Amino acid sequence: MYEAEPELCDIYVEGRTDRVLIEHLLEGTDVRVWEDGDVDVPSELVLAGGNEVGSKGRIATIARALDLQFADTALKVRCIIDADCDRVTGTTSSDSKHLRYTDFTCIEAYFWDVPHVQKYLKLGLHDTLGQTAEQLIASVNPILRDAFLLRAGHLHIGEGWHWIDISSCVSAKKGVVSFDRDKWIAKYLQANAAWHRRTDFENAVEIYRHRLSDDIRTCLHGHDLTKIVAEVVRAAVKPNYLGQVEVVSRMLAMTIERADAHRFSLLSELFHLAHEGLQLNAPPRYLNERDKEIAQREGDA
């Protein structure tokens, strides 16, 4: 397809949430957005490239195939994957023409700040949560950070251990959300018949603690975020369906505006790709110095 029509402008993403968000941001352009599953990527090809079989691995494999096939051709194609723990663990790939990581850890991180959460509380929950955006973020952030470190430790162990959902040990009562870390670790180790490895796991977690940025958007997991916020909403807001994880996820996503995109390096590049033609090394554009400093700090990390 790209040999016949190299001028096509396509973006490949991991899932539907990513696809509809980027389609919204680039509405009115000729960009096509494809999600995992739209292209058949054999598992053996994913494994051959050193990736895990899954949506992220398949999108990374598409990027690798394009790199190999079009080494000397400037395609208007980007393959976008969540950074997850990759920057913290040092496992990002920086030599690909077509692969891009999210500016933060995941798509959900783009709308986890005061302006977007304020909009969610006002328009989505009609200010019935009983907390300000600042209060909600301050209460949830320590749990997100803890959960992110536990995920990094889980990846470090790397022995095929089964992951336990963080939200199973999160509770929200009278506006206060808490996470029973010890209970979660006990469940996690017992599920993997690895109680005798508790010290190893705790040591693996601590390896990454000093690598975390002050910006919570660089150390949170999207699923943890939406599930924890859903716990808080379920405990305080009626009707109950507003506390369903999928409802919370979609309502938060609706808070982002097209104007927000130019604040972020990746989204700015996609706008440039769609509106101004391709420049492989186009410098990112920022709305203000603070966002520029954050992006530069992320790059240094």
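Quick caveat, the model's predicted, so the values are computed rather than measured. The residues of the chain are indexed from 1 along the displayed sequence.
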What distance do Asp84 atom CG and Phe104 atom CZ have between them, rounded to the nearest 0.5 Å? 14.5 Å
So which heavy atom on Ser213 is nearest to which on Arg145, and how close? O-NH1, 3.1 Å
Between Arg198 and Asp182, does at least one N-O distance fall below 4.0 Å, as a salt bridge requires? yes
Rounded to the nearest 0.5 Å, what separation is found between the CD atom of Glu269 and the CD1 atom of Ile80? 8.0 Å
Tell me whether Asp200 is salt-bridged to Arg197, with the criterion being a basic N under 4.0 Å from an acidic carboxylate O. yes
Please report the C-alpha distance between Lys56 and Glu14 in whole Å, then the side-chain angles of each, then the deciding distance to 0.1 Å, and finally whether the salt bridge (Lys or Arg N to Asp or Glu O under 4.0 Å) criterion is met. CA-CA 6 Å; Lys56 183 174 182 176; Glu14 292 185 51; 5.7 Å; no
Check for me whether the distance between the ring centres of Tyr120 and Phe111 falls short of 6.0 Å. no
Shared hydrophobic cluster, Met254 / Val248 (ILVMFWY, side-chain heavy atoms < 4.5 Å): no
Which is it for Tyr110 and His116 under the side chain to side chain donor-acceptor pair (under 3.5 Å) test, yes or no, and what are the steps along the way? CA-CA 9 Å; Tyr110 284 102; His116 293 98; over 6 Å; no
Ile137 and Val114 have their tightest heavy-atom pair at CD1-N, 3.7 Å
Nearest heavy-atom contact between Ile228 and Val140 is CG2-CG1, 3.9 Å
ring-ring contact (aromatic ring centres under 6.0 Å, His included) evaluation trace for Trp163 with His154: CA-CA 8 Å; Trp163 177 254; His154 170 74; 5.1 Å; yes
Step through it carefully: locate the ring centre of His221, locate the ring centre of Phe148, and say whether they are under 6.0 Å apart. no
Using a strict 4.0 Å threshold on nitrogen-to-oxygen distance, state whether Glu27 and Arg258 make a salt bridge. yes
Sequence neighbours excluded, the answer for salt bridge (charged side-chain N to carboxylate O under 4.0 Å, His left out) partners of Asp165 is Lys227
Please find out if less than 6.0 Å separates the ring center of His98 from that of Tyr12. no
CA sep, side-chain torsions, deciding dist, call: Arg151, Asp224, salt bridge (Lys or Arg N to Asp or Glu O under 4.0 Å): CA-CA 10 Å; Arg151 286 181 178 275; Asp224 296 338; 2.9 Å; yes
Intermediate values then yes/no, salt bridge (Lys or Arg N to Asp or Glu O under 4.0 Å), Glu35 and Arg58: CA-CA 10 Å; Glu35 64 183 272; Arg58 286 187 285 269; over 6 Å; no
Between Asp82 and Tyr101, is there a side-chain donor-acceptor contact under 3.5 Å, judged purely by atom types and distance? no
His162 and Tyr188 side chains, donor-acceptor separation under 3.5 Å: no
salt_bridge(Glu5, Lys76) N-O dist < 4.0 Å: no
Rounded at 0.5 Å granularity, tell me how far CG in Leu273 sits from CG in Leu267. 12.5 Å
Side-chain H-bond candidate by donor/acceptor type, Trp112 with Asn141, under 3.5 Å: yes
Please list all pairs meeting salt bridge (Lys or Arg N to Asp or Glu O under 4.0 Å) that have one or both residues in residues 122-131, counting only residues at least two apart or in different chains. Lys122-Asp127
Of all heavy-atom pairs between Thr91 and Thr89, which one has the smallest distance, and what is that distance? OG1-OG1, 3.0 Å
Any side-chain donor paired with an acceptor under 3.5 Å for Ser96 and Asp67? yes
When rounded to the nearest 0.5 Å, the distance separating CD1 of Ile166 from CZ of Arg181 is 9.5 Å
Side chains of Asp10 and Tyr2: donor-acceptor distance under 3.5 Å anywhere? yes
Find the distance between CG (Leu121) and CE (Met251) and round it off to the nearest 0.5 Å. 9.5 Å
Which atoms form the tightest heavy-atom contact between Ala253 and Leu21, and what is the distance? O-CD1, 4.1 Å
